[in-house]
Amino acid sequence: MNALLQIRPVFFGLFLLTIVSMAFALFYLERTLGLPPCPLCITQRLFVVLVGFFALLAALHNPKGWGRQVYALLCLISASVGGAVAMRHIWLQNLPEELAPACGPSLEYMLETLPFSETFSVVMMGDGNCAETVWTFMGLSIPEQTLALFVVLAAVSLFQMFRKQ
């Protein structure tokens, strides 16, 4: 058990958790259920992948001392920003229908036609697609489940930051 809590296996476990999460989103939610991701979902996925990327780098590097803390901080920041996006998404889903934003163009169209800063602003505002709750599991919508994932990722990152060698 002690070997599983060493620095490299914990970072590798974070990486595997992000891989499993992305596989679930891609193969089950998108391909099996046919649920296309909204712009905020895509943004949340980007931050899950970012946590996984930093965790994989840390697992490969196997840092000691402050290096472990730097990788853990990068994972924590990515998980925190992703969690903030998930909270925004949850807020949009809980708005009354008359206050929900109107549906907008697809992300691909916005990236092709608008400057990046304007696309980023529109994506963070969300649209009518983001306000819909299209699937739940155990009473939790997809962004609520993703927020729970970000909380776990952030907690493990904090553990890595403040643990004793």
Side-chain angles (χ1 to χ4, degrees), residues 10-11 13-56 58 70-162:
V10 172
F11 276 124
L14 268 180
F15 170 69
L16 287 178
L17 181 58
T18 62
I19 292 294
V20 168
S21 301
M22 290 296 89
F24 173 79
L26 179 64
F27 294 114
Y28 184 71
L29 294 177
E30 274 189 58
R31 300 252 169 95
T32 304
L33 297 180
L35 302 175
C38 71
L40 285 177
C41 290
I42 292 169
T43 306
Q44 291 167 63
R45 288 181 188 184
L46 172 83
F47 284 104
V48 170
V49 169
L50 204 55
V51 172
F53 173 74
F54 290 133
L56 178 62
V70 169
Y71 283 119
L73 180 63
L74 290 170
C75 289
L76 177 64
I77 290 169
S78 301
S80 298
V81 174
V85 173
M87 286 190 280
R88 168 85 177 151
H89 198 166
I90 293 165
W91 179 76
L92 283 171
Q93 286 186 334
N94 289 301
L95 282 174
E97 193 171 315
E98 62 274 2
L99 295 178
C103 291
S106 71
L107 182 62
E108 294 82 20
Y109 177 79
M110 288 189 292
L111 286 171
E112 290 174 4
T113 59
L114 300 174
F116 181 76
S117 60
E118 194 173 329
T119 300
F120 180 77
S121 176
V122 170
V123 166
M124 287 299 111
M125 291 300 295
D127 66 8
N129 296 329
C130 297
E132 272 185 69
T133 301
V134 294
W135 184 78
T136 61
F137 178 72
M138 293 179 18
L140 298 174
S141 67
I142 296 170
E144 291 168 335
Q145 294 170 41
T146 307
L147 178 60
L149 172 67
F150 282 126
V151 167
V152 169
L153 295 172
V156 173
S157 299
L158 281 170
F159 169 75
Q160 286 289 75
M161 277 181 70
F162 296 113

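Throughout, numbering of the chain's residues begins at 1 and tracks the sequence.
Residues Leu76 and Met161 share a closest heavy-atom pair of CD2-SD, 3.9 Å. Closest approach of Phe27 and Thr32 over heavy atoms only: O-OG1, 2.9 Å. Contact detail for Gly82 and Gln44: the closest heavy-atom pair is O-CG, 4.3 Å. In terms of heavy atoms, Leu40 sits closest to Arg88 at CD1-CG, 4.4 Å. Taking each heavy atom of Gly52 and Phe15 in turn, the nearest pair found is O-CD1, 3.3 Å. Considering all non-hydrogen atoms of both residues, Pro36 and Gly34 come closest at CD-O, 3.2 Å.
In this structure, the side chains of Val48 and Phe150 come closer than 4.5 Å at one or more pairs of heavy atoms. Between Leu149 and Leu17 the shortest side-chain heavy-atom distance falls below 4.5 Å. Contact of the Leu29 side chain with the Phe24 side chain is registered, since non-hydrogen atoms from C-beta on lie closer than 4.5 Å. Put simply, the side chain of Ile77 reaches to within 4.5 Å of the side chain of Leu73, judged on heavy atoms. Using a 4.5 Å heavy-atom cutoff, the side chains of Gln160 and Tyr71 are not in contact.
For the atom pair CZ (Phe159) and CG (Leu14), the distance works out to 10.5 Å, reported to the nearest 0.5 Å. Between the CG atom in Leu153 and the OG atom in Ser21 there is a gap of 7.0 Å [rounded to 0.5 Å]. Between the CZ atom of Phe53 and the SG atom of Cys75 there is a distance of 10.5 Å, given to the nearest 0.5 Å.
When the options Ile142, Val152, Val85, Ile90 are evaluated for a side chain to side chain contact (heavy atoms under 4.5 Å, CB included) with Leu147, the one that passes is Ile90.
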